[in-house]
Amino acid sequence: MFKRPVFNNTLLNWYQANKRQLPWRQTSDPFKIWLSEVMLQQTQVITVIPYYEKFITKYKDLDALAEADEQALLKDWEGLGYYNRIRNFQHAVKEVQEKYDSKVPDNPDEFFKLKGVGPYIGGAVQSIAFNNQLAAVDGNVLRVMSRLNRDKRDMTKASVQKDVKKYIESDMPLEAGDYNQALMELGAIICTPRTPKCLICPVKAHCEAEKANEVMEYPLKKKQKAKQEYYYNVFFILNDKDEIMLIKQEDDLLKGMYELPRFDVDTSIESIEEKYNLTLSQPSAPIGSHKHIFTHKIWYMEGYIVYTADHNEDFIPLSDLQNLPMSVAMQKMIQLIYPEGESGL
DNA sequence: TAAACGTGGCT
DNA sequence: TAGCCAAGTTT
């Protein structure tokens, strides 16, 4: 094991001299810090920055976000992915508004009970916003710690992550928030997954993997499962009032987002007419296709145009298309017939 | 415990 | 370029 007190001081000094000026480091507002942590979940810093700026401009405080329209939030979150994050965040923020007088709890036990607050976000917010002595163990920290200690355990297991958290908290510097960010920053800037910059690493003297010339062997990684593939026909169902049929997704995947009617490739037009009580023209020839890759599945979509004389609440004016939250998968399909911004005509 | 959950950057 | 990975949480 490496010498913690010396390591901690070295790391903190390096952080103070080298930290990036990120937008959420310019505030001490617990609400904004919390928001940034929710956005940063499984999402790169460079991707988060514009979303963070948009949200703190539009939703200036916790009450503003608590009282926002959910669909408007989803629209603003559009493209960031993992859409349950913003739904859970609003749920949590509403609870803070009602139970804690709109003040983010500085009591970890209360904060950890809120929706969407897990071991990482709980530790991050409590340490950064309130200087509570808790660790924030993310992918960066797990990689750094596995290399420092030549730790061969499976870092994807919750039990191991819990152990690493306990280990860090066993010798936590007083500046808990800075220390957590220093550990993460080291992982993001120096101790990177593929091309770690060991030559300029401030703590290489403490690194067991570096001493053994085995840095690239950590963390241990296991082969990931193959993604399941799905084949869909996607329909642009248009009526004579310049309206298009859209479905609000209620399944877990992309819940709350709107999508074009999407069916397994072997679904007949007749069964679609029956399901939605519509009279449809024969589909056009395929107008294009798109392959969309999710974390755990792949969609192969082929687009068709279909006409109808019917109108109902599932049809929305084409001019409203750009106002509804839509997944990137569907945006790519819509671009097949309305290339680059022409969808809002 | 392990699978589900989005999207884009990077090599 | 195909695949890994990103300031993880929920069920």
Can you hop from A:Leu186 to A:Ile200 via hydrophobic side chains spaced under 4.5 Å?
yes
Could you pull out the closest heavy-atom pair between A:Ala176 and A:Asn131, with the gap in Å?
N-OD1, 3.3 Å
Taking all heavy atoms of A:Leu321 and all of A:Met326, pick out the closest pair and write down the distance.
O-CE, 3.8 Å
Go through the structure and list residues passing salt bridge (charged side-chain N to carboxylate O under 4.0 Å, His left out) with A:Glu175, not counting sequence neighbours.
none
Which residues satisfy the salt bridge (charged side-chain N to carboxylate O under 4.0 Å, His left out) test with A:Arg87, sequence neighbours excluded?
A:Glu70
Checking all strands, does [X] fall into the base, sugar-phosphate, or nothing category for heavy-atom contacts under 4.0 angstrom?
{"X": "A:Lys221", "answer": "sugar-phosphate"}
{"X": "A:Ser327", "answer": "sugar-phosphate"}
{"X": "A:Trp24", "answer": "base"}
{"X": "A:Leu22", "answer": "base"}
{"X": "A:Arg143", "answer": "sugar-phosphate"}
{"X": "A:Leu80", "answer": "base"}

For residues 101-117 of chain A, which side-chain donor-acceptor pairs fall under 3.5 Å, sequence neighbours excluded?
| unit_1 | atom_1 | unit_2 | atom_2 | d |
| --- | --- | --- | --- | --- |
| A:Ser102 | OG | A:Asp63 | OD1 | 2.6 |
| A:Asn107 | OD1 | A:Asp109 | N | 2.9 |

Side chain to side chain donor-acceptor pair (under 3.5 Å) contacts in which one or both residues fall within residues 276-287 of chain A, not counting sequence neighbours
none
Between [M] and [N], how far apart are the [atom1] atoms? Round to whole Å, please.
{"N": "B:dA3", "M": "C:dC4", "atom1": "P", "value": "16 Å"}
{"N": "C:dT9", "M": "B:dG8", "atom1": "P", "value": "22 Å"}
{"N": "B:dC5", "M": "C:dA2", "atom1": "P", "value": "24 Å"}
{"N": "C:dA7", "M": "B:dA4", "atom1": "P", "value": "24 Å"}

Quiz item: A:Thr43 side-chain donor-acceptor pair to B:dG8 base, under 3.5 Å:
no
With sequence neighbours left out, the residues meeting side-chain contact (heavy atoms from CB on, under 4.5 Å) with A:Asn140 are A:Asp138, A:Arg143, A:Met184, A:Ala188
Quick one: sort the A:Phe7 and A:His206 rings into parallel, tilted or perpendicular, breaks at 30° and 60°.
perpendicular
Thinking salt bridges, do A:Glu169 and A:Lys166 make one under a 4.0 Å N-O criterion?
no
Please set out all donor-acceptor pairs under 3.5 angstrom arising from side-chain atoms of residues 255-269 of chain A, sequence neighbours excluded.
| unit_1 | atom_1 | unit_2 | atom_2 | d |
| --- | --- | --- | --- | --- |
| A:Tyr258 | OH | A:Gln71 | OE1 | 3.3 |
| A:Glu259 | OE1 | A:Arg262 | NE | 3.2 |
| A:Glu259 | OE1 | A:Arg262 | NH2 | 3.3 |
| A:Glu259 | OE2 | A:Gln249 | NE2 | 2.8 |
| A:Glu259 | OE2 | A:Arg262 | NH2 | 3.1 |
| A:Arg262 | NH1 | A:Tyr232 | OH | 3.4 |
| A:Thr267 | OG1 | A:Asp264 | O | 2.9 |
| A:Ser268 | OG | A:Ser271 | N | 3.1 |
| A:Ser268 | OG | A:Ser271 | OG | 3.2 |

Quick test: give all pairs of protein nitrogen or oxygen and nucleotides 9-11 of chain B nitrogen or oxygen below 3.5 Å, distance rounded to 0.1 Å.
| unit_1 | atom_1 | unit_2 | atom_2 | d |
| --- | --- | --- | --- | --- |
| B:dG9 | O4' | A:Gln44 | NE2 | 3.1 |

Can you list, in residue-number order, the parts of residues 289-302 of chain A that come under 4.0 Å of DNA chain B, counting heavy atoms only?
A:His292, A:Ile293, A:Phe294, A:Thr295, A:His296, A:Lys297
Check DNA chain B against residues 134-142 of chain A and give the residues with a non-hydrogen atom under 4.0 Å, in numerical order.
none
Chain A vs DNA chain C, heavy-atom contacts under 4.0 Å, first-to-last nucleotide span, 5' to 3', is C:dG3 to C:dT10
Counting distance only, does the side-chain N/O of A:Asn312 pair as donor-acceptor with the main-chain N or O of A:Asp314 below 3.5 Å?
yes
Residue pairs meeting ring pair (Phe, Tyr, Trp, His ring centres under 6.0 Å), one or both in residues 37-72 of chain A, sequence neighbours left out, come to A:Trp24-A:Tyr52, A:Phe55-A:Tyr59, A:Phe55-A:Trp77
Show me the side-chain donor-acceptor pairs of residues 216-225 of chain A shorter than 3.5 Å, one per line, residues at least two apart or across chains.
| unit_1 | atom_1 | unit_2 | atom_2 | d |
| --- | --- | --- | --- | --- |
| A:Tyr218 | OH | A:Lys152 | NZ | 2.8 |

